[in-house]
Each structure stands twice: as C-alpha cells, then as structure tokens.
Amino acid sequence: MRVLPEIEAARQAGGAIVALESTLISHGLPHPDNIEVARSAEAAVRNSGAVPATMAVLDGVTHVGLDDDTISRLATTPGVVKLSRRDLPAALSQASNMPAIGATTVSATMVLANQVGIPVFATGGIGGVHRGVADSMDISTDLFELSLTPVATVCAGPKAILDLPRTREYLETMGVTVVGYRCDDMPAFWARSSGLPVDIRAETPQEIAQLIGIRSGLGIGGAVLVCNPVAEEAAIDLDTIERWIESCIDSAPPGAAATPWLLAEIARRSDGESLAANKRLIVDNAALAGHIAVALAVIRSS
Ligand code: PSU
Ligand code: MN
C-alpha cells in the first residue's frame, strides 16, 4: 500500500481526510469531464479544510491518494478494471492476467478507507438493487459494504436507474443509518427526491459528525449513509428521468457493465443534462464530506 505523504501526515496528526473513489473517473464519466471532476472533487475537499485521498490499485499496489498523472491515466486508459470488494484480493495478487490499473467502486473504496483509518468517504450515487432483481439477483455490493464497514458515505442517493423502493428497503434491512442532509426524502441521484423517507434529517455537518460518532460508539459496524440532494439548478425531475431510463434499460448489458452503460446511454439521450447533474453532485458531495470530516476530527480531538 502506498499512502501519499500529505495523507500520512494528516493521519498521524488526527487531521480530516476524505476518501474518494475512482470508478466514477474510469467508468462513470466520459473524458475529459472525468478528469475535470476528479480534480474539482479533490479541490472541494481541500476547500472544506480536509485532505483528499482518491483510491486506486496500480500494478498490484493499493494507492491512497493519487498524483495528477495517475488521475489522467485512470481517465484515459482503455480497459481499466472496475474493482469491488471481491476483486481486491485478485488485483493485489499482481496476477499477470490483471490489468495494470484498477479503479475502486464504493465498496472497494470503503474497504481501503477503513483499512487506513479514513472515516469519511464521498461518491456520486451508490449502487443498489437493480430493476428486474427477481430474475438477475443483481444487487450492488455497495449495499452489503455499507452494512458492514464503518466509513460514513456521502452520496446523492442511490442511482435512479435502480429499483429505488427495494434499495431503500434493503438499506433498512441491513441496518444502514440513512441521513438526509437538509431533506426528508432519500434523493435519487439526478433527482432531488425519490419520495422514500430517510431515517433522520440533519441540518449541519456537525450534527452528522455527531451521528457518526454515536454509531461508532455502539460498535455495531456499518455505515452512516449521508444523502445530499443534487443542487436545485442541476436537478432533473423524476418523470423525465424515468422516460430516459425506460427507453433504454432493456438494452443494458448484465453484470458490472450495466451501470456504466446506462450512465453513458442516458447522458446521450438527455443531451448531457444527466452528465451535468452527475458532475455537480459529485463535487458538492466531496465538499460536504470535507466539512463532515473536519467536524469529526474536532469531536475526536476533544
Ligand atoms: N457515482 C457516480 N458514478 C459512478 C459510481 C458512483 O456518480 O459511476 C460508481 C461507484 O463506483 C459505484 C458503482 O460503486 O458506480 C456501482 O456499480 P454497480 O451498480 O455495478 O455496483
Ligand atoms: Mn451488480
């Protein structure tokens, strides 16, 4: 594992650090938007007073914090592999049949963040229960990870391409604390509301940090999932989104390729409107995660 010196120093000093994932760079956004977002998300974390730690696996080594060159490689190299929790051992085994660059999903990033002691993480939208689950059994490992690993995750809700009621139900079953940041309903990625309730509403990063501390004190494992609705100016209404999804979901490939394919297809069908919302929400989530990490560092040092 290679940890950037700046992150190691923050770790030693009990400073605020925010983990960031890399699958949204390699698979979630087109080039060059992906580079722009990766940099803006890191800048947003810094503006909040925390240190960003974007994760990836390069040549069998975990990297906590990436230099600019590596971010460009992730954003431009074809065939970057998408790593979730189950893929990490293979990617770290330096097996000759593994691609040289692996991007971490929500689940893999949480595993690595937990391993190095980073308590807060930001992404765009989490994975969840896919539509048609009765046939496919496709449920994102993200949900299982959230139930297991104590890394608070800031998102704009589950992606709207999912079966949102079943995803909400699954989060409840798995005992994930779902917090709405200044909202009562769980957001739906490009849309500000899914119409499904959160467990608790919070108005400030300090309140959220306190909740994370309380959950951690209970020793029950698992995450607080912080839901931050996409900014009003970039939000899309759920009916419009639903039309885009219905027009292409039957053509989506199965398995790990489904989510990247749908994100790209809907970006095309929406003339970039979904892409603009996706970019905005990722950066805003990074900023909020930074504020939460700072508040948590204050609590932990007092
Ligand atoms: N958020 C985004 N874009 C993305 C993702 C999140 O705005 O592409 C990624 C995350 O890495 C998440 C993954 O873990 O999508 C979900 O993939 P799947 O549905 O295959 O589990
Ligand atoms: Mn899946």
Side-chain angles (χ1 to χ4, degrees), residues 19-31 33-34 36-38 40-41 44 54-57 74-75 80-88 102-113 121-133 135-146 149 151 153-164 166-167 170-171 187-191 223 225-231 234-236 241 245 249 252-267 274-286 289:
L20 297 169
E21 60 140 312
S22 47
T23 294
L24 60 82
I25 305 172
S26 60
H27 292 72
L29 299 166
H31 180 78
D33 303 86
N34 53 3
E36 181 197 326
V37 168
S40 304
T54 309
M55 310 277 186
V57 176
L74 269 169
V80 173
V81 65
K82 176 177 165 186
L83 305 174
S84 78
R85 95 177 339 247
R86 75 173 191 280
D87 307 304
L88 281 175
T104 55
T105 63
V106 166
S107 65
T109 309
M110 289 177 73
V111 168
L112 299 177
F121 158 53
T123 182
I126 58 163
V129 180
H130 283 264
R131 300 180 188 201
V133 64
D135 292 322
S136 67
M137 277 287 279
D138 193 353
I139 301 175
S140 174
T141 313
D142 292 0
L143 296 184
F144 178 66
E145 200 64 57
L146 287 162
T149 304
V151 173
T153 298
V154 181
C155 68
K159 295 193 194 71
I161 55 172
L162 300 162
D163 183 328
L164 295 174
R166 285 190 173 82
T167 299
Y170 196 98
L171 287 164
F189 197 50
W190 306 299
L225 181 67
V226 180
C227 293
N228 183 29
V230 61
I236 306 168
I241 292 169
I245 296 171
I249 195 151
T259 297
W261 187 91
L262 281 163
L263 294 179
E265 188 61 25
I266 290 168
S274 68
L275 176 60
N278 199 349
K279 289 169 70 175
R280 176 68 188 267
L281 65 86
I282 290 168
V283 177
D284 288 352
N285 291 346

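Each ligand, and each atom within it, is numbered from 1 in the order the structure gives. Just so you know, these numbers use all the heavy atoms, side chains as well, and skip hydrogens, waters and symmetry mates.
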How close do [X] and [Y] get, counting heavy atoms only, and between which atoms?
X: I245; Y: A160; result: CD1-O, 3.3 Å
X: I126; Y: L162; result: O-CD1, 3.7 Å
X: C155; Y: G125; result: CB-CA, 4.5 Å

Between [X] and ligand 1, find which residue part has any heavy-atom pair under 4.0 Å and reply side chain, backbone, both or neither.
X: I126; result: neither
X: T123; result: side chain
X: N278; result: side chain
X: T109; result: neither

* Asked: So between L162, I161, T23, D142, whose heavy atom ends up nearest atom 12 (C) of ligand 1?
  -> D142
* Asked: Which option out of H27, K279, M110, K159 puts a heavy atom nearest to atom 15 (O) of ligand 1?
  -> K159
* Step by step, would you call F189 with V230 a side chain to side chain contact (heavy atoms under 4.5 Å, CB included)? -> CA-CA 7 Å; F189 197 50; V230 61; over 6 Å; no
As an exercise, identify every atom of ligand 1 less than 4.0 angstrom from a heavy atom of [X].
X: G124; answer: 1 (N), 2 (C), 7 (O)
X: T105; answer: 11 (O), 14 (O)
X: E21; answer: 5 (C), 6 (C), 9 (C), 10 (C), 11 (O)
X: F189; answer: 7 (O)
X: T259; answer: 17 (O), 18 (P), 19 (O), 20 (O)

* To do: Could you check which N/O/S atom of D138 is closest to the Mn ion (ligand 2)?
  => OD1
Any donor-acceptor pair under 3.5 Å linking the side chain of [X] with the backbone of [Y]?
X: S22; Y: A103; result: no
X: R131; Y: I161; result: yes
X: K82; Y: H27; result: no
X: T105; Y: L83; result: yes
X: N34; Y: A75; result: yes

Give me the residue, atom name and distance of the protein heavy atom closest to [atom].
atom: atom 6 (C) of ligand 1; value: G125 O, 3.0 Å
atom: atom 17 (O) of ligand 1; value: K82 NZ, 3.3 Å
atom: atom 3 (N) of ligand 1; value: L24 CB, 3.7 Å
atom: atom 21 (O) of ligand 1; value: S140 OG, 2.7 Å
atom: atom 8 (O) of ligand 1; value: G28 CA, 3.4 Å

* Structure fact -> In this structure, CG of D142 is separated from OG1 of T153 (nearest 0.5 Å) by 8.5 Å
* To do: Could you walk me through whether T104 and L112 pass the side chain to side chain contact (heavy atoms under 4.5 Å, CB included) test, one step at a time?
  => CA-CA 9 Å; T104 55; L112 299 177; 3.9 Å; yes
